[in-house]
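Sequence lines set the chain letters: A, B, ... in the order given, protein chains first and strands last, and positions in each chain run from 1. Every value quoted in this text rests on a predicted model; they were computed, and no experiment measured them.
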Amino acid sequence: MPSPLTIATWNINSVRLRLDQVLRFLLEQHPDVLCLQETKCPDDLFPRGAFAKAGYGYQAIAGIKGYNGVAILSRRPITPCEKRDMCGKPDARHIAATIGQGADAIRIHNFYVPAGGDLPDPEANPKFAHKLAFVEELQRFSETTRRNDPRAILVGDLNIAPLEHDVWSHKQLLDVVSHTPVETRGLTEAISAGEWVDAMRVLKPEPEKVYSWWSYRSPDWDKADKGRRLDHVWLGRALGDTLHSGQILRETRGWERPSDHVPVMVTLDLG
DNA sequence: ATGGTGGTTAGACCA
């Protein structure tokens, strides 16, 4: 098992449209593993060759036409494992792979939680009901993983900013999907159920503001800085002590034709 | 202020 191990997560909002940006990120930051969300790319059209040429020849992908889609790219050997159909839907919102072997093996789970639509009412908005059901399933998954796989890592675009300082204005976002009490409580319960370590918040505790997403609809995103922390890295209870450092690549939001999310990176020292 | 912008894919749908 390599030590240190760097894992990144990035909602790229179309892997084909932003292929050059992903390659630039890999060249500049060379993480060992990159987990992507919103690839929006069927498996037979995924740019496997371009990533292999960049040194990321080990790949686990799960894509459908048009929406969602997740992938794990690695420059060290990985073994793809189960893809979960969350909420019973084959909609490419989870993929997992194992890095390392035997007692040192680490299983990486990459999730893309539904955004949930605009109206935070599960009765009136089926997309919000889907999101809440997904989070409940994430709680059950966390409980099982805590018991069976304490060396797991869970990353992804969870589309929820759980803490007060994960958003630019706690009060103004309490009724905005991504920061409503039912969502933030749900995600906090998933963390508890899994005894997960919220890696970026260990490194940057509250009340520091930490964001990984800025809306496309906000002009002058940098100056206004109305961000939210939607992208997360959770370490299983056996890996919490290995956390070495982390980084949020805010500058990629300023690249030409950017994703609205930026990469979140964590480095573990596995001794 | 119920707009605003962006991606996929061909008229909406999703974020």
Proximal nucleotide (of dA15(B), dT8(B), dC13(B)) relative to the Tyr67(A) side chain: dC13(B)
Along DNA chain B (nearest heavy atom to each residue), the more 5'-positioned of Tyr216(A) and Pro42(A): Tyr216(A)
Between C1' of dG6(B) and CH2 of Trp214(A), the distance in whole Å: 17 Å
Residues clustering with Tyr67(A) (ILVMFWY side chains joined when closer than 4.5 Å, directly or via others): none
CH2 on Trp234(A) to OG1 on Thr9(A), rounded to 0.5 Å: 12.0 Å
Residue-phosphate contact under 4.0 Å: Arg16(A) side-chain N/O, dG7(B) OP1/OP2: no
From CG (Asp166(A)) to CG (Asp198(A)), nearest 0.5 Å: 7.5 Å
Glu38(A) side-chain proximity, nearest of dT8(B), dA15(B), dC14(B): dA15(B)
Atom pair CG (Leu138(A)) and CD1 (Ile160(A)), whose distance is rounded to the nearest 0.5 Å: 8.5 Å
Euclidean distance for P, dC13(B) against dT2(B) (whole angstrom): 23 Å
Base paired to dC14(B) (Watson-Crick or G-U; both N/O distances under 3.5 angstrom): dG6(B)
side-chain N/O Lys65(A) vs dT8(B) OP1/OP2, d < 4.0 Å: no
dA12(B) to dA1(B) separation - P atoms, rounded to the nearest Å: 31 Å
Within 6.0 Å of CG in Asp43(A), more than 12 heavy atoms from elsewhere: yes
Distance, rounded to the nearest Å, where Trp213(A) contributes CH2 and dT5(B) contributes P: 14 Å
Ring pair (Phe, Tyr, Trp, His ring centres under 6.0 Å) evaluation trace for His170(A) with His165(A): CA-CA 7 Å; His170(A) 175 62; His165(A) 299 284; 8.1 Å; no
Shortest non-hydrogen contact from Pro80(A) toward Gln59(A): CG-O, 4.3 Å
Length of the line joining Asn11(A):CG and dG7(B):P, which is rounded to integer Å: 12 Å
Rounded distance (Å) that lies between atom P of dT5(B) and atom CZ of Arg253(A): 13 Å
Under 4.0 angstrom between Arg228(A) side-chain N/O and dA15(B) OP1 or OP2: no
Separation of atom CG in Asn13(A) from atom C1' in dG7(B), rounded to whole Å: 6 Å
Integer-rounded Å distance: dG6(B) P and Leu17(A) CG: 12 Å
Whole angstrom value for the distance that separates P of dC13(B) from CD1 of Ile64(A): 16 Å
Selection: residues 111-122 of chain A, any non-hydrogen atom under 4.0 Å of DNA chain B: Tyr112(A), Ala115(A)
Ser14(A) side-chain proximity, nearest of dT5(B), dT8(B), dA15(B): dT8(B)
Spacing between Arg217(A) atom CZ and dT2(B) atom C1', to the nearest angstrom: 11 Å
Arg140(A) bridged to Glu143(A) by N-O distance under 4.0 Å: no
Side-chain N,O (Arg257(A)) to OP1/OP2 (dG7(B)) below 4.0 Å: yes
dG3(B) and dG7(B), which share atom name P, separated by this distance in whole Å: 22 Å
